[in-house]
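Here is the structure we will look at, set down as structure tokens.
As a basis for the values below, the full set of heavy atoms in this structure was taken, side chains included, without hydrogen atoms, waters or symmetry mates. Everything numeric in this text was worked out from a predicted model, so none of it was measured. Letters A, B, ... mirror the listed sequences (proteins, then strands); counts begin at 1.
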Amino acid sequence: MKSSDVILQTTSKIVFFVILLFAIHLFFEGHYRPGGGFVGGLVTAGAIVLFLLAFDIKTVSILLPFDYKWVTAIGLLISILTAAGSIVFNVPFFTHTYDHFHLPLIGETSLHTAALFDLGVYLVVVGVTMTIIQTIGESE
Amino acid sequence: MFDTILYVVMAVLSISMVGFLYRLIKGPTVPDRVVALDAIGVILISMIAVFSMIMRTSAFLDVILLLGILSFIGTASFSKFLAKGVIFDRDRNH
């Protein structure tokens, strides 16, 4: 049966990017204020679920051609490498450092190595959530 | 004076939350429960807004946005499930 959800599809095409922007905002707001990799990953998974709702599994797998198990693995690798990088500098495991930089356009910012660890957490959360949802959503 | 008004609003919102919880548990049909869940999301958003006015902080505004997004996706998926009986189509054109 061919169905057409014109309103849902048109809305989701716009709202997807709004949610994605909000997820990036949440990701970079972490560490000093509420936010971080975990919430950002969950919101990103929510945006992909909205696409899955409006379209179908086949279309979304063409739009976002990721194997989410690989995404999880790459995220874990980034997290472990960032955490283990502190051993090289002869400080305890999971130690993080930060410094203040002057970036063009943004201005004075403090860059943390914890953000790299958070990127790994983000990828793991997106991968695990989407794997669970796709496994449940598959019929037969 | 202003704080008193805010506390009164909080009490009224809590009472209406109890009403929606009654509809969520008792609700004879599934659409009743879905509408109750959606309305509970709206009440939660407004309670957080009033709470952040009481606390004089803007730290909870992100929570309001997040709850709005989650409530939108939840309501959309529930209504698709009620309308079609399936949430994720395998292939829409077959």
With a 4.5 angstrom heavy-atom cut-off, is it the side chain or the backbone of [X] that approaches chain B, or both, or neither?
{"X": "A/Q134", "value": "neither"}
{"X": "A/V39", "value": "side chain"}
{"X": "A/V49", "value": "both"}
{"X": "A/L42", "value": "neither"}
{"X": "A/V15", "value": "side chain"}

B/S16 side chain vs B/L13 backbone, donor-acceptor pair below 3.5 Å: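 Yes, because the side chain of B/S16 sits within donor-acceptor range (under 3.5 Å) of the backbone of B/L13.
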Salt-bridge criterion met for A/D67 and A/K69 (N-O under 4.0 Å): yes
Toward chain A, the part of [X] with a non-hydrogen atom under 4.5 Å:
{"X": "B/F60", "answer": "neither"}
{"X": "B/I69", "answer": "side chain"}
{"X": "B/L70", "answer": "neither"}

Over 12 non-hydrogen atoms of neighbours within 6.0 angstrom of CZ in A/F89: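 For A/F89, atom CZ is not crowded (no more than 12 foreign heavy atoms under 6.0 Å).
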B/F51, CZ: over 12 other non-hydrogen atoms inside 6.0 angstrom: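 Count not over threshold, so no.
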Shortest non-hydrogen contact between A/F16 and A/I48, atoms and distance: CE1-N, 4.1 Å
ILVMFWY cluster, B/V35 and B/L21 together (side-chain gap under 4.5 Å): no
